[in-house]
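To start, the structure itself, in structure tokens.
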Amino acid sequence: MTEENTPQKEQLAALFEVSSRLGTTLDLSELLNLVMDSIIQLTEAERGFLMLTDGLGELQMVCARNVGSEDIADGDSISISRTVVQRAVTTQQPILTDNAQEDERFSTNQSVVGYQLRSIMCAPLMVRGRVIGATFVDNRLMSGAFPRNDLQLLVMFANQAAMAIENARLFQQTDQALARRVEELTLFQQIDRELHKTLDLDRVLNLAMDWAMDHTFADGGTIGLLKEDEEGEQVLELVLYRSKHKDEQVKQRILRTDHPIIAAVLAEGEVVHT
């Protein structure tokens, strides 16, 4: 072993150590903090930030280290360079600058000048060719704080962290979906018990309407029952109408079954949403 390659081996050993921690949890909040701490440990940065894309593809600040009194909930007020982050995300390439104040790519950027940013590294978080976020570290006091090897380490760790974060997100979504399904089944059991307590039609209809409006957050609702009119044709008679707007009244009590929504419900026997 030569003295020259010892630092590189030590860096790779550190990368292996922090990467091995990523598989220890599927709790998203715990994982994000673990990733952020690991990035600071690997790069020895003054500050660190972690951003993830939301449902609209916008970057949101989710974790930070050594930011003092800055509120990461208000991502726009955080003293980082959005230009650097956006460039890394758009090009899907990592960025290293020894001194952003003198780097022609960023020296005219208002945030770089205003926040007096110098040494910066930023790497996109990539999963199967798709950007799910970015990590940003800096040192505002020193120029040249990060050697090229640090950027390579950050990129390698970011790739592993991105997959771990994506898995935790999917697990969280699955867990939430399961919880919603259990809640729905519990609700239906409660409705079923209530409805079977009575044989009074008005009571049954009003219970059904109460549950439907409460759990869909609707402003109004109507229940109709099928019957035959005087000509022997099947129609829908509106037997219960409810509205949170007291001045609203049902305008028509009898609906023909060729009404588009009614026809679709009768034909498919399924819920129709329009």
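For this chain, numbers begin at 1 and follow the sequence in order.
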Q) Hey, quick one: are Met209 and Tyr241 part of the same hydrophobic cluster, counting side-chain heavy atoms closer than 4.5 Å, chains of contacts allowed? A) no
Q) Considering residues, nucleotides and ligands other than Arg203, do more than 12 of their heavy atoms fall under 6.0 Å from its CZ? A) no
Q) Do Val265 and Leu238 share a hydrophobic cluster (ILVMFWY, side-chain heavy atoms under 4.5 Å, transitive)? A) no
(Q) Run the side-chain contact (heavy atoms from CB on, under 4.5 Å) test on Leu26 and Asp175 for me, step by step, so that the C-alpha distance in whole Å, both residues' side-chain angles and the decisive distance to 0.1 Å come before the verdict. (A) CA-CA 11 Å; Leu26 281 171; Asp175 199 40; over 6 Å; no
Q: Kindly indicate, with the supporting measurements, whether the criterion side-chain contact (heavy atoms from CB on, under 4.5 Å) is fulfilled by Glu237 and Leu225.
A: CA-CA 5 Å; Glu237 181 182 11; Leu225 298 179; 5.5 Å; no
Q: Kindly determine whether Ile120 and Ile95 satisfy side-chain contact (heavy atoms from CB on, under 4.5 Å), including the steps that lead there.
A: CA-CA 8 Å; Ile120 296 173; Ile95 289 174; 5.6 Å; no
Q: Measure the shortest side-chain to side-chain distance between Val155 and Asn159 over non-hydrogen atoms and say whether it is less than 4.5 angstrom.
A: yes
Q | Within 6.0 Å of CD in Gln176, more than 12 heavy atoms from elsewhere | A | yes
Q: Could you grab the distance from atom CE of Met156 to atom CG of Leu151, nearest 0.5 Å is fine?
A: 10.0 Å
Q: Taking all non-hydrogen atoms of both residues into account, name the closest pair between Ala208 and Ile223 and its distance.
A: CB-CD1, 4.2 Å
Q. Which pairs pass ring-ring contact (aromatic ring centres under 6.0 Å, His included) with one or both residues in residues 140-184, sequence neighbours excluded?
A. none
Q. With no hydrogens and no angle check, is any side-chain donor or acceptor of Thr53 less than 3.5 Å from a backbone partner on Ile132?
A. yes
Q) Okay, side chain of Thr135, backbone of Phe49: is any donor-acceptor separation there less than 3.5 Å? A) yes
For residues 32-45, run the donor-acceptor check on the side chains, cut-off 3.5 Å, and write out each pair with its distance to 0.1 Å, sequence neighbours left out.
| from | atom 1 | to | atom 2 | distance (Å) |
| --- | --- | --- | --- | --- |
| Asn33 | OD1 | Arg65 | NH2 | 2.8 |
| Asn33 | ND2 | Ser29 | O | 2.9 |
| Asp37 | OD1 | Arg65 | NE | 2.6 |
| Asp37 | OD1 | Arg65 | NH2 | 3.2 |
| Ser38 | OG | Leu34 | O | 2.8 |
| Gln41 | OE1 | Arg21 | NH1 | 3.3 |
| Gln41 | OE1 | Arg21 | NH2 | 3.2 |
| Thr43 | OG1 | Ile39 | O | 2.8 |
| Thr43 | OG1 | Ala45 | N | 3.3 |

(Q) When you group the ILVMFWY residues by side-chain heavy-atom contacts below 4.5 Å and let the links chain together, are Met61 and Val67 in the same group? (A) yes
Q: Tell me whether Val62 is reachable from Met163 by hopping between hydrophobic residues (I, L, V, M, F, W, Y) whose side-chain heavy atoms are closer than 4.5 Å.
A: yes
When the side chains of residues 83-90 are checked against the rest of the protein, which donor-acceptor pairs come out under 3.5 Å, sequence neighbours left out?
| from | atom 1 | to | atom 2 | distance (Å) |
| --- | --- | --- | --- | --- |
| Thr83 | OG1 | Asn109 | ND2 | 2.3 |
| Gln86 | NE2 | Thr90 | OG1 | 3.3 |
| Thr90 | OG1 | Gln86 | O | 2.8 |

**Q.** Distance-minimising heavy-atom pair for Ser111 and Ser81
**A.** OG-CA, 3.3 Å
**Q.** Residues Arg47, Ser79; criterion side-chain contact (heavy atoms from CB on, under 4.5 Å); working and verdict
**A.** CA-CA 10 Å; Arg47 304 185 307 162; Ser79 55; 2.9 Å; yes
Q | Atom pair CD/CG of Gln173 and Leu28 - distance to nearest 0.5 Å | A | 9.5 Å
Q: Determine the minimum heavy-atom distance between Val137 and Gly48, stating which atoms define it.
A: CG1-CA, 4.0 Å
Q: Please identify each residue that fulfils ring-ring contact (aromatic ring centres under 6.0 Å, His included) with His259, with sequence neighbours left out.
A: none
Q | Glu46 side chain to Arg140 backbone, donor-acceptor under 3.5 Å | A | yes
Q | Heavy-atom closest pair, residues Met213 and Gly221 | A | SD-N, 4.1 Å
Q: Might you point out which heavy atoms bring Leu59 and Gly133 nearest each other, and give the distance in Å?
A: CD2-CA, 3.8 Å
Q) With Asp258, which residues qualify under salt bridge (Lys or Arg N to Asp or Glu O under 4.0 Å), at least two apart? A) Arg256
Q) Going from CG on Leu117 to CG on Asp103, what distance comes out if it is rounded to the nearest 0.5 angstrom? A) 12.0 Å
Q) Can you tell me if Ser119 uses its side chain to pair, donor with acceptor, with the backbone of Gly144 under 3.5 Å? A) yes
Q) Are Phe106 and Val113 connected in the hydrophobic side-chain network, where two residues link if heavy atoms are under 4.5 Å apart? A) no
**Q.** Note, Asp229 side chain near Ile254 side chain (heavy atom, < 4.5 Å)
**A.** no
**Q.** Pairing residues for Gln101 by the side chain to side chain contact (heavy atoms under 4.5 Å, CB included) criterion, not counting sequence neighbours
**A.** Asn99, Val112, Gln116, Arg118
Q | Separation of Glu58 CD from Leu52 CG (nearest 0.5 Å) | A | 13.5 Å
**Q.** Validation row: Leu266, Leu226 side chains within 4.5 angstrom (heavy atoms)
**A.** yes
**Q.** Approximate separation, where rounding is to 0.5 Å, of Ser243 OG and Asp219 CG
**A.** 7.0 Å
Q) If you look at every heavy atom in Asp150 and Ala145, which pair is closest and at what distance? A) OD2-O, 4.5 Å
Q.
Can you tell me how far apart CG (Leu170) and CD1 (Ile165) are? Round to the nearest 0.5 Å.
A. 12.0 Å
